[in-house]
Amino acid sequence: MNAYREDASSVRHCFRHGITNKDSGSLAANYSSQKQRNFNKGSLFSDLLSTMAAVFRIKHPKTILWFFGICFLLVFYITISSFPSDEPCNCKHQYDESLTSGGNLGTGSMSHPEDPHKMAILIPFRDRFEELLEFAPYINSFLNKQKRNHHIFVINQIDNLRFNRASLLNIGYLESASASDYIAMHDVDLLPMNTELPYQFPETGPYHVAAPHLHPRYHYPTFIGGILLISRKDFANVDGLSNKYWGWGLEDDELYARLTEAQLTISRPGNLTTGTKDTFKHIHDRRIRKRDMIKCYNQQEVTRKRDRETGLSTLRYHVQNRKEMTIQGAPVSIINVILECNKAITPWCDCTENIGNTKTKRKPGERSNDVIVPKLDRRRDVSVDG
Ligand code: UDP
Ligand code: MN
């Protein structure tokens, strides 16, 4: 029994300080004095070890220590590796770096060495599954035919607030940082049918693919919604989009004001043989996909004006998790996000308590170019297709 206790003490010494030649030499030399010390201390622990060694007929109690040590490390490793990695966080700039090399992109979307650029297709998204199933494989093969390096990011809003297309695009920009040098803000329900529509790097400024003379529904001259290509540099320059637009509409008109104020030239496709009926397919049945036109609190008053306060730099959100999937050969990254709303600034992010407008007086000296609402001739500028 005593012999086991002595060995256990040596093992404890080795755990703490490691075995050296000096140690092993002195182990023998100190054997008898240690024996005496250990015997005197008679710790409960070494008694326990010795008893266990006796019970299991193990000659060296240190074998038991090793056994428990390895068990402990094993349990520790299993515990650490089973911690959930999907915790909510303010996860800016955390997207998988390997996207840059196309490492985990599945077939083909970044496999065009002749294209020096990389485009992130950003889809602001909520509850449009059928449209996505049609959109993803379609745009993937459309862009592969154009030999464009690209990757599809679906920014899925999973909170209970009203839909915020602009904030989702801001998130898409941040989350695709390592995967792109330009972005396409792309509605999920708009499919380019004319193969001549170019999705090239927007060298000379933003490029509006879904131009008013081609879009199936919106035809007013300052329209820049639907599909807009913009370099990361230009997007950052204007601080992205305003985060004040909850519900349908006007966020793209506010972006138009940002772009023109920054003196960026917006270009559009010319010389196409197709028009508003056959350039795009708009998969949008308005009876099923109702637009959220509700206004509450002072939403109307605030959102009709240029926002110089919010944008990329003030965006607050959490990434709940990320999922990689392939839809009929098209690699897609789904980013499930929770937006934050400061109800002191934009109470209309939730209209359940208060429907209807609170009219506020126009401030004296309000600059006329602060109003971003386009003047529309409903019959000429908006078609009733969806
Ligand atoms: N969207 C969405 N879920 C919604 C509302 C909008 O995913 O509940 C996205 C989707 O990408 C859609 C885009 O925002 O294509 C523009 O919205 P919508 O089609 O309603 O606008 P439209 O341009 O047809 O007026
Ligand atoms: Mn639509």
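Read the numbers this way: they start at 1 and go in the same order the structure lists the ligands and their atoms. Throughout, numbering of the chain's residues begins at 1 and tracks the sequence.
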Next item on the list: Provide, to 0.1 Å, the distance between atom 24 (O) of ligand 1 and the closest protein heavy atom, together with that atom's residue and name.
Entry: R291 NH2, 2.8 Å
Next item on the list: May I ask you to check whether W248 has an N/O atom sitting below 3.5 Å from an N/O atom of ligand 1?
Entry: yes
Check: Less than 4.0 Å between a side-chain N and a carboxylate O, is that true for K244 and E251?
Finding: no
Next item on the list: Check if D189 has a non-hydrogen atom at a distance under 4.0 Å from any atom of ligand 1.
Entry: yes
Notebook entry, point to check: Going by distance only, is there an N or O of H186 that falls short of 3.5 Å from an N or O of ligand 1?
Noted result: no
Note to self: Checking a contact table here: which protein heavy atom is nearest atom 25 (O) of ligand 1, and how many Å away?
What the structure shows: Y218 OH, 2.4 Å
Check: Would you say atom 22 (P) of ligand 1 has a protein heavy atom nearer than 4.0 Å?
Finding: yes
Item checked: Among R308, R306, K305, the one residue meeting side chain to side chain donor-acceptor pair (under 3.5 Å) with D370 -> R308
Next item on the list: Before signing off on this row, confirm whether F163 and ligand 1 have an N or O atom pair separated by under 3.5 Å.
Entry: no
Next item on the list: Tell me the protein N, O or S atoms under 2.8 Å from the Mn ion (ligand 2), in chain and number order.
Entry: D189 OD2, H282 NE2, H284 ND1
Margin query: Between R217 (side chain only) and V382 (backbone N and O only), is there a donor and an acceptor less than 3.5 Å apart?
Written below: no
Margin query: Can you confirm if the NZ or CZ of R232 lies within 45° of the ring axis of Y173 and under 6.0 Å from the centre of its six-membered ring?
Written below: yes
Check: Which residue holds the protein heavy atom closest to atom 11 (O) of ligand 1, what is that atom called, and what is the gap in Å?
Finding: P124 O, 2.8 Å
Checklist line | ligand 1 contact by G225, heavy-atom criterion under 4.0 angstrom | finding: no
Next item on the list: Pull out every atom of ligand 1 sitting under 4.0 Å from any heavy atom of F125, numbered as shown with elements.
Entry: 7 (O)
Check: In terms of side-chain geometry, is the basic nitrogen of E130 or R289 positioned less than 4.0 Å from the acidic oxygen of its partner?
Finding: yes
Notebook entry, point to check: Heavy atoms only: which of M293, H284, K290 is nearest to atom 18 (P) of ligand 1?
Noted result: H284
Next item on the list: Answer with yes or no after comparing the ring centroid distance for Y220 and F223 against a 6.0 Å cut-off, counting only values under it.
Entry: yes
Check: Among R165, H284, H282, whose side chain to side chain donor-acceptor pair (under 3.5 Å) with D187 holds?
Finding: R165
Next item on the list: Going by heavy-atom distance to atom 5 (C) of ligand 1, choose the closest among R128, E251, R126.
Entry: R128
Next item on the list: Please confirm whether F142 and Y199 have ring centers closer than 6.0 angstrom.
Entry: yes
Margin query: If I take atom OG from residue S111 and atom NE2 from residue H150, how far apart are they, to the nearest 0.5 angstrom?
Written below: 8.0 Å
Check: atom 12 (C) of ligand 1: which of D187, L169, D252 has the nearest heavy atom?
Finding: D187
Margin query: Polar contacts were defined as any N/O atom of the residue lying under 3.5 Å from an N/O atom of the ligand; does this apply to I123 and ligand 1?
Written below: no
Check: Is ligand 1 under 4.0 Å from a heavy atom in the side chain of H282, in the backbone, in both, or in neither?
Finding: side chain
Notebook entry, point to check: Angle class for the F280/H215 ring planes (parallel below 30°, perpendicular above 60°, tilted otherwise)?
Noted result: tilted
Notebook entry, point to check: Does D350 come within less than 4.0 Å of R162, counting only side-chain N to carboxylate O?
Noted result: no
Check: Closest approach of D307 and S242, non-hydrogen atoms and distance?
Finding: OD2-OG, 2.7 Å
Notebook entry, point to check: Side chains of M119 and I183: closer than 4.5 Å at any heavy-atom pair?
Noted result: no
